[in-house]
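Okay, structure first, notes after.
If you're wondering where the values come from, they're calculated on a predicted model, not measured in any experiment.
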Amino acid sequence: MLFKTTLYLLLLSCSSSFVVSLPQNNPYLTSTTLFLQNYHKMVHNFKVFMYPPDTNTNTNQFNFGTEVESLFYSSLLNSSYLTQHPQQAHLFFFPFSSEISTRSLSRLISRIREDFPYWNRSLGADHFYLSCAGIPNKNDRNVVELKKNAVQISCFRTRRHRFVPHKDLTLPPISNLHAPVKSGGGDSCFIEYGNDMGEAMRLGCVPVVAVTEGGVNDMAFMDVLRWKEMAVFVKSGVKNDSNTWKKREENMKRLSVEGSKHLRWNRPPQPLDAFNTIMYQLWLRRHTVRYENIHTSYTQAII
Ligand SMILES: *[C@@H]1O[C@H](CO)[C@@H](O)[C@H](O)[C@H]1NC(C)=O
Ligand SMILES: *[C@@H]1O[C@H](CO)[C@@H](O)[C@H](O)[C@H]1NC(C)=O
Ligand SMILES: *[C@@H]1O[C@H](CO)[C@@H](O)[C@H](O)[C@H]1NC(C)=O
């Protein structure tokens, strides 16, 4: 009897190496427990310092161009993530209007470089900014530093040369949909990645993402959610790969429903929703730069 149990356990542990190919049971890249632990740490500790907005623009009248940017901005302003004490901050938010000219943008960066010690410390790497369309390449030192070093929050589908996958983020689109989506046939329901996706996912639809040349690297929450298990990726032009779909249909639907709470925008924000998940992604990026606090006194000492 004992032998049998041992053998059974042995077989179980041997077969565990095959488990990786089985459908995943949670929508996260880590375990749900680990995700929630980190998320709660973020909620309680994350602090962001926002530079005073350009004095020529009224704080609440920033022209962001898109509703989703304004919603993120307003959510951040109302949130407890903001601190008035920059020395407590993990990251620095640099707000500017989406209509700003390169020259004004450069001038604003010069100003925060002169007025605060934080930009020079990392050349902007612990800073973030909102720009739906992304910053184009410019021959300006300030703008180059912003674009290369700071975390850009932009919109899907990002333009060529305006998105740096290892640091930049995209906002999930706002869903205005409240009625069930018409299903594609039988009980299958697909929704194109983009507007209305979050709500459709909540109702059990699976997003379809058109894969562009070079793959997809600019979807929302790519470092949080296991999109591979939640969405169907198709080459542009081909709308439906029924083989891929049939095999994973039920699991994908379930994960889509579970993951959809992260894609939902709320006013005011709710736990685990789109706003808070963006904050979580920023929190994951807070350690990109470490400071040598002793650096200044040390160099002074050897001089
Ligand atoms: C940051 O460095 C620039 C030179 O690159 C300098 O002009 C500026 O005064 C420095 N800012 C601070 C706050 O020390
Ligand atoms: C894709 O194919 C599956 C299986 O043939 C079908 O059930 C589904 O309705 C199709 N979806 C779309 C969007 O055409
Ligand atoms: C932020 O607070 C203002 C004033 O209370 C309110 O009008 C606005 O809707 C809030 N924004 C969000 C996203 O909750």
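Every residue was checked against the side-chain contact (heavy atoms from CB on, under 4.5 Å) condition with S80, not counting sequence neighbours, and none meets it. Legend: residues meeting side-chain contact (heavy atoms from CB on, under 4.5 Å) with V257, ordered by chain and number and at least two apart, are absent. Residues passing the side chain to side chain donor-acceptor pair (under 3.5 Å) test with E99, sequence neighbours excluded: N63. Contacts of R113 classified as salt bridge (Lys or Arg N to Asp or Glu O under 4.0 Å), with partners at least two apart in sequence or in another chain: E145. Taking the side-chain contact (heavy atoms from CB on, under 4.5 Å) definition, one finds that S256 meets it with M201, V206, P207, M230, sequence neighbours left out. By the salt bridge (Lys or Arg N to Asp or Glu O under 4.0 Å) test, D140 pairs with no residue at all, sequence neighbours left out. E258 is linked by a salt bridge (Lys or Arg N to Asp or Glu O under 4.0 Å) to R254, counting only residues two or more places apart in sequence or in another chain. Partners of S104 under the side chain to side chain donor-acceptor pair (under 3.5 Å) rule, at least two apart in sequence or in another chain, are S101. The side-chain contact (heavy atoms from CB on, under 4.5 Å) search around Q84 returns none, not counting sequence neighbours.
Applying the ring-ring contact (aromatic ring centres under 6.0 Å, His included) definition to pairs two or more places apart or across chains, those involving residues 130-168 are F156-Y193. Applying the salt bridge (charged side-chain N to carboxylate O under 4.0 Å, His left out) test to every pair with at least one member in residues 157-173, sequence neighbours left out, gives no pairs at all.
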Distance-only criterion, 3.5 Å: show the donor-acceptor pairs between side-chain atoms of residues 32-45 and protein atoms not counting sequence neighbours.
residue : atom : partner : partner atom : Å
Y39     : OH   : L272    : N            : 2.7
H44     : ND1  : H40     : O            : 2.9
N45     : ND2  : K41     : O            : 2.8

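Cluster annotation: V164 is not connected to Y129 through the hydrophobic network of ILVMFWY side chains, with a link wherever side-chain heavy atoms come within less than 4.5 Å.
In terms of modelled atom types and a separation under 3.5 Å, the side chain of R285 and the main chain of Q281 share a donor-acceptor contact.
The distance from the CG atom of L82 to the NZ atom of K47 is 8.5 Å, given to the nearest 0.5 Å.
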